[in-house]
2 protein chains.
Amino acid sequence: MKLEKVTGIEARDRKWYDDACGTALGMELVGERWSLLIVRELLLGPRRFGDLRAGLPGISANVLTQRLEGLAAAGIIVHEHLPPPARAQVYALTVWGRECEPVVLGLGRWALRSPRHDPMLHFSPTALMLSLKMLLVHARVGNLAASIGLHLRGEDYLAKIANGGIQVSRAPVVDADAVLAGETNAFLPIFYGGLPLEQAVASGALTVTGDVDRATRFSTLFALPEKVVLAA
Amino acid sequence: MKLEKVTGIEARDRKWYDDACGTALGMELVGERWSLLIVRELLLGPRRFGDLRAGLPGISANVLTQRLEGLAAAGIIVHEHLPPPARAQVYALTVWGRECEPVVLGLGRWALRSPRHDPMLHFSPTALMLSLKMLLVHARVGNLAASIGLHLRGEDYLAKIANGGIQVSRAPVVDADAVLAGETNAFLPIFYGGLPLEQAVASGALTVTGDVDRATRFSTLFALPEKVVLAA
DNA sequence: CTGTATCCGTGTTGATACTG
DNA sequence: CAGTATCAACACGGATACAG
């Protein structure tokens, strides 16, 4: 073989920041293209290769493989081969990996003040569920308690409002007070654009079953942060 | 079938994630190589081109130029040409840009659990001051009030402990209770490694003037997060 | 279905040298 | 001091082919 191995090592060194600062290390760990979005897709539980591709518009298989290897080598995710007869492989966050959720949410909340944000782009079910956690206006919750199911791209998700906070998970929507179903992007005008839920239902953008009142109250708990005004 | 203009546009598009998720937008805004570290260097106030190069080991001038342009175009920083006779150019965070401080600190705090962290690498004065904010153990502060000056690479910094919290800034060390001076890396064993301040002074690694008692108490307020144990 | 391993065109990075 | 110009590596994304 050639000296590719040597140049490969040098290339890796060049990718690092040589900085003792934790933030620099953080960017080495999850700052590569796609890495943090892979973490995002795993925040609601283990996923398979194909699930990740579906949630990440435009990533190619080889790059996804590389990133998964890198994240696993760093101890942020683990690659689990489930035994037969399940015979599935999944990628899951480690405990430490899950601890970066506040960073993922905080970055998103900050970035959404940018005028550059375009809500018409692809929006994965996981991203939608996390956005609820990201953009809940705590002051609006009051003493509401609700368990709202979301049916997105064939999967069940759950959002639970209790004690002024919210929990989201990928879980069957049984014993939810109400269940919403529709395209992920159809939820944005309702949760963040002030569109009344009943109007979205009337237009056929989504469907509600169960306690419509509670679903309607739920739909008003969220808000996008105020946009930044850029000086010309 | 390919026109050069078209490929140029496609190339730009390729850099983005085409994702409505805020986290993806955040990675577009500050996820490029070096970008978040430039923001870090600006968190304590405006800096000049040369200051940034000095704080960022290994960045090249052309890349720094590109990143500054990108961050300015995004509205995260502004490039200010000061009028004569000052005749200096500085880069400063916008109000919105400053708002990502919690993300910078949170990412650093999370990443420092990695076994990959190497405290022997380059450490900029700004990174040291921010690390105090990042790694303060609130429970240890009690009712301590202290104003500690740090003299780092010819510049004065200030850390103020009050009301159980900490404030850091780039400011003259006048009316500080005590002033510490030394290489940035010399502070790590003291703040995060449990090395007694007096011992570091005895070894000549740094100097203390003023209220040594208070400086010593100050030096015990911080801790690195617990390291992650990686499965073999 | 779940990846892995190629090749290839292009863009980005970083080192060096250079200019105002 | 504050950038710009140039250029050789290399990483990326897309396509494709292929293996378990």
Side-chain angles (χ1 to χ4, degrees), chain A residues 1-19 27-28 31-35 37-38 46-72 77 79-92 154, chain B residues 1-19 27-28 31-35 37-38 41 46-72 77 79-82 84-91:
Chain A
M1 292 291 192
K2 294 184 259 178
L3 298 176
E4 294 187 2
K5 231 176 183 178
V6 174
T7 59
I9 291 171
E10 284 172 358
R12 281 194 172 175
D13 288 354
R14 216 170 289 137
K15 287 198 61 173
W16 302 345
Y17 287 113
D18 285 328
D19 195 318
M27 289 307 284
E28 289 173 8
E32 272 184 314
R33 190 156 161 73
W34 296 111
S35 286
L37 300 189
I38 293 170
R47 308 243 68 172
R48 293 186 304 179
F49 194 87
D51 299 330
L52 293 171
R53 287 192 79 172
L56 268 15
I59 195 172
S60 55
N62 49 7
V63 173
L64 179 53
T65 301
Q66 273 180 250
R67 291 300 175 278
L68 290 170
E69 282 171 356
L71 290 169
I77 69 174
H79 185 180
E80 287 167 342
H81 292 248
L82 276 70
R87 202 183 190 52
Q89 307 175 38
V90 298
Y91 299 88
Chain B
M1 276 297 268
K2 281 195 250 175
L3 299 175
E4 299 193 355
K5 224 176 183 180
V6 172
T7 60
I9 292 171
E10 283 171 359
R12 278 194 174 177
D13 289 353
R14 216 171 290 139
K15 280 202 61 175
W16 303 342
Y17 287 114
D18 285 328
D19 195 318
M27 288 308 283
E28 290 172 7
E32 273 184 313
R33 190 155 162 71
W34 296 110
S35 285
L37 300 189
I38 293 170
E41 286 298 310
R47 308 240 69 169
R48 294 186 304 179
F49 194 88
D51 298 330
L52 293 172
R53 288 193 78 173
L56 269 14
I59 195 172
S60 55
N62 51 4
V63 172
L64 179 53
T65 300
Q66 273 180 250
R67 290 300 175 277
L68 290 170
E69 282 170 356
L71 290 169
I77 68 173
H79 186 180
E80 289 167 339
H81 291 248
L82 276 69
R87 199 182 224 32
Q89 308 175 37
V90 297
Y91 298 89

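Within every chain, numbering begins at 1; the chains are lettered A, B, ... in the order of the sequence lines, protein sequences first and strands thereafter. The shown structure was predicted, so the numbers you read here are calculated from the model rather than taken from an experiment. Basis for what follows: all heavy atoms, side chains included, without hydrogens, waters or symmetry-related copies.
Side-chain atoms of B:Ser35 never come within 3.5 Å of backbone atoms of B:Gly31 as a donor-acceptor pair (strictly under, hydrogens ignored). The closest donor-acceptor contact from the side chain of B:Arg53 to the backbone of B:Gly58 lies at 3.5 Å or more, if one exists at all.
Between A:Arg53 and the phosphate of C:dC1, there is no side-chain N or O to OP1/OP2 separation shorter than 4.0 Å. Of the side-chain N and O atoms in A:Arg33, none sit less than 4.0 angstrom from OP1 or OP2 of D:dC12. One finds a side-chain N or O of A:Thr65 lying less than 4.0 angstrom from the OP1 or OP2 phosphate oxygen of C:dT4. A close approach under 4.0 Å does occur between a side-chain nitrogen or oxygen of B:Arg48 and OP1 or OP2 of D:dA2. For the pair A:Tyr17 and C:dT13, the criterion of a side-chain N or O lying under 4.0 Å from OP1 or OP2 is not met. Between D:dG3 and B:Gln66, no contact under 4.0 Å exists linking OP1 or OP2 to a side-chain N or O.
By the 30° and 60° cut-offs, the orientation of the rings of A:Trp34 relative to B:Tyr17 is perpendicular.
As rounded to whole Å, 16 Å separates atom C1' of D:dG3 from atom CZ of B:Arg67. Remark: C1' of D:dT4 and CG of B:Leu64 are 13 Å apart, rounded to the nearest angstrom. One interatomic measurement links the two molecules: CD1 of A:Ile59 to P of D:dC12, which rounds to 10 Å at whole-angstrom precision. Between the CH2 atom of A:Trp16 and the P atom of D:dC10 there is a distance of 16 Å, given to the nearest Å. Regarding B:Asp18, its CG atom lies at a distance of 12 Å from the P atom of D:dG13, rounded to whole Å. If you measure from atom CD of B:Glu28 to atom P of C:dT12, you get 14 Å, rounded to the nearest angstrom. Regarding A:Phe49, its CZ atom lies at a distance of 12 Å from the P atom of C:dA5, rounded to whole Å. The separation between A:Leu37 atom CG and D:dC12 atom P is 14 Å, rounded to whole Å.
DNA chain C is contacted by both A:Gln89 and B:Trp34; A:Gln89 maps to the nucleotide lying nearer its 5′ end (nearest heavy atom per residue). Residue order along DNA chain D, read from the 5' end via each residue's closest nucleotide, puts B:Asn62 first among B:Asn62 and A:Val63.
Expressed to the nearest 0.5 Å, how far CG of A:Leu52 lies from OG1 of A:Thr65 amounts to 10.5 Å.
Using a 4.0 Å heavy-atom criterion, one finds that B:His81 contacts no nucleic acid atom at all.
Residue A:Gln89 comes nearest to A:His81 through the heavy atom pair OE1-CE1, 3.4 Å, listed as atom of the first residue, atom of the second, then distance.
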